[in-house]
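Worksheet: the structure to be examined is printed underneath.
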Amino acid sequence: MQLKLTVPFNLDLSVSCGQSFRWRKINGFWYAPVGDSVWKVKQEGDTLFYEGASDADIIRYFGLDIPLDDILQDIDRDELIHSAVASCRGLRLHRQPPFECLISYICATCANIPGIQLRVENLAKMYGRELKSDGMTFYTFPNPEDLACESPENVRLCKVGYRDKYICGAAAYAAENPQWAADIFSMSYADAKRELTSLSGVGQKVADCVLLFAFEKYEAVPIDVWMERIFRTRYLGSEKKLSYEKAAGYAREHFGRYAGYAQEYLFAEREILAKKGE
DNA sequence: CAGGTC
DNA sequence: ACTGG
């Protein structure tokens, strides 16, 4: 199947910027298990080629229905974001499956991106279902029930370390409240964040990632070590470390209602920014 | 020493 | 405090 893009989109950047953890580039195609099938996607200019997904699946997952130009125009409020927008235009936030996103970011604390990918892959291998595509083996992300019935000791065999009990707790929550994702979708950002942070192992940063990457809450501005550094040195010129509220609050005030999108563009450019010095 | 949390 | 790049 193929789709002619009439809107800006950069597949490579979108799947490799660190928002999702299961995409792999093999022989020019990006592969990932999404839901119950393996998706195979390639972009050539303004054409997307894909297998394993419907047009509607692709549009929804990659957020091709979101008015990116309007958002980028709205957040383009200073020189730094202007250059990030210029060099990363086409980067789109995905609509990730909520449960997978939640567990993935619980796995993301105190770990680098390769480490997160490894843990998520281990969980899928152990508790997901096997899928074949082009002779390769992939694993679906487990359902809440698949993890909820496991002991932390077993889950720990996936090399998740101290996060074992957080994963089991979050799985039990999702399994016992099948409507949890629908509820969070319908909540305001503040209520949704309160709900997610009530889970053990889910603090402000993890909650904001899940709200931004799975629930379309663009007010969510995840503040990791990189974002704290950027807001401290580039925006606020502060000597000491910024509190989470101060950094995120400043971002929302400065960038407006799509501050989460601005965060992702700045994050995508973090390596360039890091090279310019502290 | 790494996309934090309890 | 787990774990590994």
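Numbered from 1 within each chain, the chains take letters A, B, ... in sequence-line order.
Qualifying side chain to side chain donor-acceptor pair (under 3.5 Å) partners for Lys42(A), counting only residues two or more places apart in sequence or in other chains: Glu44(A). In this structure Asp134(A) satisfies the side chain to side chain donor-acceptor pair (under 3.5 Å) test together with Tyr31(A), Lys40(A), sequence neighbours excluded. Residues forming a ring pair (Phe, Tyr, Trp, His ring centres under 6.0 Å) with Tyr218(A) (at least two apart in sequence, or on another chain): Tyr258(A), Tyr261(A). With sequence neighbours excluded, no residue forms a side chain to side chain donor-acceptor pair (under 3.5 Å) with Tyr139(A). Judged as a ring pair (Phe, Tyr, Trp, His ring centres under 6.0 Å), and not counting sequence neighbours, the contacts of Phe62(A) are Phe9(A), Trp23(A), His94(A). Evaluation of the side chain to side chain donor-acceptor pair (under 3.5 Å) rule for Lys132(A) yields Thr137(A) as partners, not counting sequence neighbours. Scored by the ring pair (Phe, Tyr, Trp, His ring centres under 6.0 Å) test, Trp30(A) finds no partners at all (sequence neighbours excluded).
At distances below 3.5 Å, not a single donor-acceptor pair connects side-chain atoms of Arg232(A) with backbone N or O atoms of Ala247(A).
Arg95(A) and Glu216(A) are joined by a salt bridge, as a carboxylate oxygen and a charged side-chain nitrogen come within less than 4.0 angstrom of each other. Taking a cutoff of 4.0 Å between a charged side-chain nitrogen and a carboxylate oxygen, Lys217(A) and Asp208(A) do not qualify as a salt bridge. One finds no salt bridge joining Arg129(A) and Asp146(A) here, because no Lys/Arg side-chain nitrogen approaches an Asp/Glu carboxylate oxygen to under 4.0 Å. In summary, Glu121(A) and Arg22(A) engage in a salt bridge, as defined by a charged side-chain N under 4.0 Å from a carboxylate O.
Between the side chains of Tyr250(A) and Lys246(A), no donor-acceptor pair of N or O atoms lies under 3.5 Å.
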side-chain hydrogen bond (donor to acceptor under 3.5 Å, both in side chains) evaluation trace for Asp78(A) with Tyr235(A): CA-CA 10 Å; Asp78(A) 63 71; Tyr235(A) 288 95; 3.2 Å; yes
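Within the 4.0 angstrom heavy-atom criterion, base atoms lie near Gln263(A). Residue Ile116(A) is in base contact, counting any heavy-atom pair closer than 4.0 Å across all strands shown. Residue-level contact check: Gln19(A) touches the bases, meaning some heavy atom is under 4.0 Å from a base atom.
The aromatic ring centroids of Phe21(A) and Tyr105(A) lie less than 6.0 Å from each other.
In this entry the distance linking CG of Asn112(A) with P of dG4(C) reads 12 Å, nearest Å. Per the geometry, CG belonging to Asn122(A) stands 10 Å off P belonging to dG5(C), to the nearest Å.
Positionally, the nearest nucleotide of DNA chain B for Cys209(A) lies more toward the 5' end than for the other of Cys209(A) and Tyr166(A). Mapped onto DNA chain C by nearest heavy atom, Pro114(A) and Cys110(A) fall at different nucleotides, with Cys110(A) at the one closer to the 5' end.
When side chains are defined from C-beta on, Asp12(A) does not count as touching Gln43(A), because their heavy atoms never get closer than 4.5 Å.
Taken residue by residue, residues 211-219 of chain A places no heavy atom nearer than 4.0 Å to DNA chain B. If you check residues 190-204 of chain A against DNA chain B, the residues with a heavy atom closer than 4.0 Å are Leu199(A), Ser200(A), Gly201(A), Val202(A), Gly203(A), Gln204(A), listed by number. For DNA chain C, the residues of residues 149-159 of chain A within the heavy-atom distance limit of 4.0 Å (strictly under) are Arg156(A), Lys159(A), sorted by number.
For DNA chain B, the span of nucleotides reached by chain A at under 4.0 Å from its heavy atoms goes, 5' to 3', from dA2(B) to dC6(B).
For DNA chain B, if you chain together Watson-Crick or G-U pairs that step i with j, i+1 with j-1 and so on, you find no run of at least three with distances under 3.5 Å.
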